[in-house]
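Structure first, then comments.
Computed from a predicted structure; not experimentally measured. In what follows, every chain begins at residue 1, and chains take the letters A, B, ... in the order their sequences are listed.
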Amino acid sequence: MKRPRQPPDPQAWTAFQARVYALVRQVPPGRVITYGAIATALGDPRKAREVGWALYELPDGHNVPAHRVVNREGCLTGAWAFNHPDRQRTLLEAEGIAFLSDGRVDLARHLWTPPDGQ
DNA sequence: AGCATGACGCCTA
DNA sequence: ATAGGCGCCATGC
């Protein structure tokens, strides 16, 4: 059975971004969340890549703690949105995030799960 | 229209 | 645990 798919809709995309930002804003300091977890919490686990896009398009002056978003292995995203390759790691360490010896976030300790109903 | 790319993730070997 | 392949979906050329 073929899976129903929504048609591309700019308004839906904007709404999607808003929901991503709203969810990321709920991540407490010292905790992290993954792209896949965000997509799942928003009701579509397949949109993990779009979560990344949404964060990529964050406007200036946003109050979204995007540095608390990592991939499912706990890897950081690099310099993309943080102006400096170590910026994201610095922010996370300042919040008490523990890193493994290979440079990944210790997800077992810091992964945050959003409450239901989001 | 086709093809490549990407702040991703799952499956398989 | 690691590496490669593939699916996903929005974007850009």
Rounded to the nearest Å, what distance is computed from the CG atom of residue A:L107 to the P atom of nucleotide B:dC8? 14 Å
Round to a whole Å and report the spacing from CZ of A:R72 to C1' of C:dT2. 12 Å
5′-ward residue of the pair A:R49/A:E57 relative to DNA chain C: A:R49
In this structure, how many angstroms lie between the P atom of C:dT11 and the OH atom of A:Y56, rounded? 12 Å
Does C:dT11 have its OP1 or OP2 closer than 4.0 Å to a side-chain nitrogen or oxygen of A:W13? yes
State whether A:F99 and A:R89 meet the cation-pi test: NZ (Lys) or CZ (Arg) under 6.0 Å from the six-membered ring centroid, and within 45° of the perpendicular axis. yes
Expressed as a whole number of angstroms, how long is the span from A:I38:CD1 to B:dC8:P? 11 Å
Rounded to whole Å, CG of A:D44 lies from C1' of C:dA10 at a distance of 13 Å
Distance, rounded to the nearest Å, where A:I33 contributes CD1 and B:dC8 contributes P: 15 Å
Measure centre to centre between the rings of A:Y56 and A:W53, then say whether the value is under 6.0 Å. no
What I want to find out is whether A:R68 reaches A:E95 closely enough, with some N-O distance under 4.0 Å, to be called a salt bridge. yes
Nearest whole angstrom, please: distance from the P of B:dG6 to the OH of A:Y35. 15 Å
Got a donor-acceptor pair under 3.5 Å from the side chain of A:R46 to the base of C:dC9? no
Does a side-chain heavy-atom distance below 4.5 Å link A:Y21 with A:N63? no
Rounded distance in Å - CD (A:Q17) to C1' (C:dC9): 14 Å
Check whether any side-chain nitrogen or oxygen of A:K47 sits under 4.0 Å from OP1 or OP2 of C:dA10, and answer yes or no. yes
Say we look at C:dT2 and B:dA7: how far apart would their C1' atoms be, to the nearest angstrom? 22 Å
